[in-house]
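This chain uses plain numbering: 1 for the first residue, then up along the sequence. Just so it is clear, the values below take in all heavy atoms, side chains as well, and ignore hydrogens, waters and symmetry mates.
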Amino acid sequence: MCFVKKMFVSLGMVSCLFTGMYTMEAGISTVQAASIVGVVTDENGDAIENAVVKVKNKGKKKTVSTDSDGLYEVAKLRKGKHKLTVESVGYETVSEVVTIRKNSEEVEKDITLNFSSYTKTNDTDAMDAAVSAFSEIGALRKEETIDGDAIETAYEGELRDLVQEMDTENSLTLDSDILGAIEDIKNSNEPKLAAQVIDKTIQRVFYLAVMENITHARDDFEDDDTSELSQYWDNAYAAYQALVGTADRENKVLSSDRTNIDTGSNPNLEDQITVAFIRGQKSLEKKDTEEDEITLGIQRQVIRLSLVRAFYIAVLREVEAILDNRDSDTEKAREVQKEGEVYYKIIEEFVSRDNSTGNDTIKAQLTGELSDVVADAIVSELSKGFIGRVNGELEENEEAINEGDRGDAMILAEEALLYTKVFLEDIELRLGAEQRYEIEDALNDLKNASDKVSASDADAARQTITSVIADYENELL
């Protein structure tokens, strides 16, 4: 009988089926029925999809890839010692010797891969100086008496140049917002609130800088050489260093009674973003131009939407602090409300496009009376906005598959998954774990169908996704 680990029932069942099939197939003896099975995860315990698993024995090599749950199986192996190698871009390669003692044995071998480090290949001194100035301002704003002149001095130079550049590129007035807040500090006009405006506004600037550079790399991929593209990519990574602290936070979710905000599972966004930078950097080598362009497009979305999710979490973190302090410490509650307001400006476009009324509701609660802040209302309106983005990606994915555009279909499927992850835990809260896992499986099925440009499989996956989302929308305020 085939042994099955509890948490990998599906893998065990498949292994048993394979074993039975191999022994019955003509021309295949039971000598070849052994297998190595397991799951590949990172240091956080998160599954690594598409990790390459190689098994070598006496000059013969077999290669498989992990699925969306990190599961793999290398079948039709003989007894003896096998060199198992697992590799995935963004992680350190692992090699081990696995011994199969019986011809029909199923050997379970789980593998943990450690994260690699990103290595810049270009000078990013100007961006590094801007990040350093932001760090200095961060220390100054936490002092008991905030020194507006010192903040102004730190702001001048590369950091202000960057802010003004992002203003020009995006038709914004962030430099004026920052200078106005500095003047408020100098004039003792609610200096703590002003300091929060400075901090969160500058975070928005670095987010825009990341986006500008990774988008340049994508848009210029066909025309520029690797060295030119890598300059954009390295600058993006340098700008991201100002946002690592925001990305490396636990998720925030609606409480079970829907009256407050609780801490959810840690999405490990900081690690995901770093891996995406490494994978994107490797794709710039253009060893396989078509596939590398698709990889770059996907990793750009991982970086972009992981940062969006980080700011979404930041908004809910401030909502939690408002609710925790509004009856006991009004000053603190107003300070965190201001933080929530400025954080929300970073992600407002993702809500307002498909939920303009909800966008107005959120802004009103983040600028109005503390007593008017309602956790369920804010979470519901945020979700409605992001649901609109999921539906948009699904429609475009269908169009791309119908046109046979594999690259766009794969990128759009990844976007749909990343947008859904924003409210995935809220789906579980309102609908239960079964529907959460159902939509997760369907989103991964859509990715696989897009890779194969399978219209029928993609249609089935999209129907499941839209069905669960419809049920979820009915549960929102």
Side-chain angles (χ1 to χ4, degrees), residues 133-152 154-155 159 163 173-207 242-255 259-263 310-348 359-379 381-382:
F134 173 63
S135 178
E136 183 181 350
I137 290 172
L140 290 169
R141 74 180 179 85
K142 294 176 183 177
E143 293 182 354
E144 187 64 30
T145 301
I146 304 175
D147 187 338
D149 290 322
I151 289 179
E152 185 174 38
Y155 178 57
L159 179 54
V163 174
T173 58
L174 303 181
D175 181 47
S176 296
D177 294 341
I178 294 167
L179 292 176
I182 290 174
E183 286 303 311
D184 283 340
I185 293 173
K186 289 181 179 181
N187 296 325
S188 299
N189 180 20
E190 299 188 293
K192 289 186 177 180
L193 267 66
Q196 295 298 350
V197 170
I198 294 168
D199 179 72
K200 276 57 187 180
T201 301
I202 295 175
Q203 286 196 47
R204 183 180 183 183
V205 169
F206 282 112
Y207 164 73
L243 305 174
V244 170
T246 298
D248 192 22
R249 303 292 288 269
E250 290 182 315
N251 197 14
K252 288 294 178 180
V253 297
L254 191 65
S255 61
T259 64
N260 208 324
I261 302 296
D262 281 343
T263 298
F311 290 121
Y312 167 94
I313 291 169
V315 171
L316 294 190
R317 187 166 61 246
E318 306 312 332
V319 171
E320 178 184 28
I322 293 169
L323 298 175
D324 289 347
N325 289 282
R326 65 183 175 187
D327 295 329
S328 58
D329 189 342
T330 303
E331 183 180 358
K332 176 65 176 177
R334 290 186 66 248
E335 181 184 336
V336 295
Q337 184 186 38
K338 175 60 70 174
E339 291 184 74
E341 176 195 352
V342 184
Y343 269 136
Y344 180 65
K345 289 179 180 179
I346 302 173
I347 63 170
E348 181 179 352
N359 177 52
D360 292 339
T361 297
I362 295 168
K363 290 197 293 185
Q365 293 200 23
L366 293 176
T367 57
E369 296 295 326
L370 296 172
S371 58
D372 292 339
V373 177
V374 179
D376 196 0
I378 290 179
V379 171
E381 300 304 344
L382 285 167

Checklist line | Worked check of side-chain contact (heavy atoms from CB on, under 4.5 Å) between V379 and V253 | finding: CA-CA 8 Å; V379 171; V253 297; over 6 Å; no
Notebook entry, point to check: Any idea which heavy atoms bring F206 and A242 closest together, and the distance?
Noted result: CD1-CB, 3.4 Å
Next item on the list: Considering non-hydrogen atoms only, spot the tightest contact between Q365 and Q337 and give its length.
Entry: O-NE2, 3.1 Å
Notebook entry, point to check: Under 30°, 30 to 60°, or over 60°: which ring-plane class applies to F311 and Y343, parallel, tilted or perpendicular?
Noted result: tilted
Note to self: Are more than 12 heavy atoms, taken from residues, nucleotides or ligands other than R334, located less than 6.0 Å from that residue's CZ atom?
What the structure shows: no
Notebook entry, point to check: In terms of side-chain heavy atoms, does Y344 have a donor or acceptor partner in N359 at a distance below 3.5 Å?
Noted result: yes
Checklist line | K363 vs E348 side-chain heavy atoms within contact, under 4.5 Å | finding: yes
Item checked: SB check E190 K338 (cutoff 4.0 Å) -> no
Notebook entry, point to check: Roughly how far, to the nearest 0.5 Å, is the CD1 atom of I202 from the CG atom of D177?
Noted result: 11.0 Å
Item checked: Point-to-point distance, once rounded to the nearest 0.5 Å, from CD1 of I347 to OH of Y312 -> 8.0 Å
Next item on the list: Let me see the working for I198 and R141 under side-chain contact (heavy atoms from CB on, under 4.5 Å), right down to the final yes or no.
Entry: CA-CA 9 Å; I198 294 168; R141 74 180 179 85; over 6 Å; no
Margin query: Using a 3.5 Å distance criterion without hydrogens, assess whether the side chain of D248 forms a donor-acceptor pair with backbone atoms of V244.
Written below: no
Margin query: Please check if the number of heavy atoms outside K332 that lie under 6.0 Å from its NZ is greater than 12.
Written below: no
Next item on the list: Please round to the nearest 0.5 Å and tell me the distance separating atom CD1 of I362 and atom CG of L382.
Entry: 4.0 Å
Margin query: Is the shortest side-chain heavy-atom distance between L159 and V205 below 4.5 Å?
Written below: no
Margin query: Can you give me the closest heavy-atom contact between I185 and D147, atom names plus distance?
Written below: CG2-C, 4.4 Å
Item checked: Gap separating the CG atom of L193 from the CD atom of E341, nearest 0.5 angstrom -> 9.0 Å
Next item on the list: Please name the pair of heavy atoms, one in I261 and one in A375, separated by the smallest distance, quoted to 0.1 Å.
Entry: CD1-CB, 4.0 Å
Item checked: E183 side, atom CD; I178 side, atom CD1 - distance, nearest 0.5 Å -> 13.5 Å
Notebook entry, point to check: Under the 3.5 angstrom rule, does the side chain of D329 hit a backbone N or O of N325 as a donor-acceptor pair?
Noted result: no
Notebook entry, point to check: With side chains defined as the heavy atoms from C-beta onward, is the minimum distance between V336 and D324 less than 4.5 Å?
Noted result: no
Check: Would you say K252 and D262 make side-chain contact, with heavy atoms under 4.5 Å?
Finding: no
Notebook entry, point to check: Quick one: does D327's side chain get under 4.5 Å of L370's, heavy atoms only?
Noted result: no
Next item on the list: Can you see which heavy atom on G148 is nearest to which on I182, and at what distance?
Entry: O-CG2, 3.7 Å
Notebook entry, point to check: Does the side chain of L316 come within less than 4.5 Å of I378's, by heavy atoms?
Noted result: yes
Next item on the list: Could you grab the distance from atom CG of N260 to atom CG of D376, nearest 0.5 Å is fine?
Entry: 11.5 Å
Next item on the list: Might you point out which heavy atoms bring A154 and A133 nearest each other, and give the distance in Å?
Entry: O-CB, 3.4 Å
